[in-house]
Amino acid sequence: MTDENTSPTDGTLVRTALVFPGQGAQKQGMGEVWREAESWPLVAGISEHTGVDVEDLLLKADDETLRRTDLAQIAVFTTEVLAHREAAAAGVLGEVVACAGHSLGEYTALYAAGALSLADAARLVAARGRAMRVCAERSPGTMAAVVRLDAETVEALAARAQEAGEELWVANVNAPGAIVVSGTADGVARLGESAVESGGKVIPLKVGGAFHSPRMADAAAELEAALAAVEFAAEHMPVVANVDARAYADGGRWRDLELRQLTSPVRWEECVRTLAGELGCTRFVELGPGRQLTGMIRRIAKDAATVPVDSSAALAKLTAPSD
């Protein structure tokens, strides 16, 4: 594999996809890695758009504070914006042909693709986080990762739990053998028992609700007004949507897609296959905190180059002169 912008054989530009992680990548002090970056003043602007002191959130908030859904989403979004701006300025993005983001990251992807202004993207992220938090308080739920089982098996186990009267759904199909379920605590517990019987394992996740499931229907209703208040570009770089893994290059469908995203599973494995297959991307640049998407992509598009940019230090390595 190569992480260069050009092919080692013929010198042609490599087709690059930009990908952005979602909630769960946040951690205490996550802004320190970008604090000296030239784009840091963007943090103040995002604070104005969201009504949150984002600098304090990125530098001082503890892990408990960052587990709050609305604050976590603003924090992750902001660091993704910083990573994108710095990577673009450093010239490491190459020939970008498409974007995608995991759950929350889809909003950063829309911004990076030119579908949304920074102000509108920030406002939507804030509105989405608030709506999800309030909804989860009204309709409590949880999520869990299921490992060592394929998607079809987990779907069957979820269906069996539903037949028994439990509320449980597949929420993320992230990579082969990496599935996340969402539902009530009882529903997740029932799946845990049946997963073990099938040779799998269920790992509880520290999240604020049953995201990407029908239990988020009230959040979708609240987000609808915020989506109606922003302008999506008529044309933009293709963004592969979570809900159906299709590429969209116009703003006409995104309001509906983002409403559906709240209650539908994130089909991340299919999104990566669309980027690598239909769109011909052979290089994936992950922009934002952590490297979870990089690990998933390596399990899906095994021949693709992966370039995680999660800090100024990582960016410096990419731009350092080679011997």
Checklist entry - Got a donor-acceptor contact below 3.5 angstrom from the H102 side chain to the G22 backbone? => result no
Next on the checklist: Assess the residue pair Q23 and R67 against the criterion (side chain to side chain donor-acceptor pair (under 3.5 Å)); give the C-alpha distance rounded to whole Å, side-chain angles, the decisive distance to 0.1 Å, and a yes or no.
Outcome noted: CA-CA 9 Å; Q23 184 179 345; R67 272 197 285 271; over 6 Å; no
Item to check | E48, CD: over 12 other non-hydrogen atoms inside 6.0 angstrom | outcome: no
Checklist entry - Aromatic rings Y248 and W254: how do their planes relate, parallel, tilted or perpendicular, breaks at 30° and 60°? => result perpendicular
Next on the checklist: Under 3.5 Å, is there a donor on one side chain and an acceptor on the other for S139 and R215?
Outcome noted: yes
Checklist entry - Between D310 and R291, is there a side-chain N and carboxylate O pair less than 4.0 Å apart? => result yes
Checklist entry - How about R68 and Q73: does a side-chain donor come under 3.5 Å of a side-chain acceptor? => result no
Next on the checklist: Please check if the number of heavy atoms outside E166 that lie under 6.0 Å from its CD is greater than 12.
Outcome noted: yes
Checklist entry - Is it true that a side-chain atom of N172 and a backbone atom of N174 form a donor plus acceptor pair closer than 3.5 Å? => result no
Item to check | Pair D70 + R133: basic N to acidic O under 4.0 Å | outcome: yes
Checklist entry - Salt bridge or not for R35 and E32, using N-O below 4.0 Å? => result yes
Next on the checklist: Quick check against the 3.5 Å criterion: does T263 have a side-chain atom that pairs as donor or acceptor with the backbone of M216?
Outcome noted: no
Item to check | Polar contact flag, side-chain donor to acceptor under 3.5 angstrom, R190-T184 | outcome: no
Item to check | Exceeds 12 heavy-atom contacts within 6.0 angstrom, atom CD of E86 | outcome: yes
Next on the checklist: For R267, is there an ion pair with E106 - N to carboxylate O distance below 4.0 angstrom?
Outcome noted: no
Checklist entry - Is it the case that T16 and E95 place a side-chain donor and acceptor less than 3.5 Å from each other? => result no
Item to check | N242 and H212: side chain donor to acceptor below 3.5 Å | outcome: no
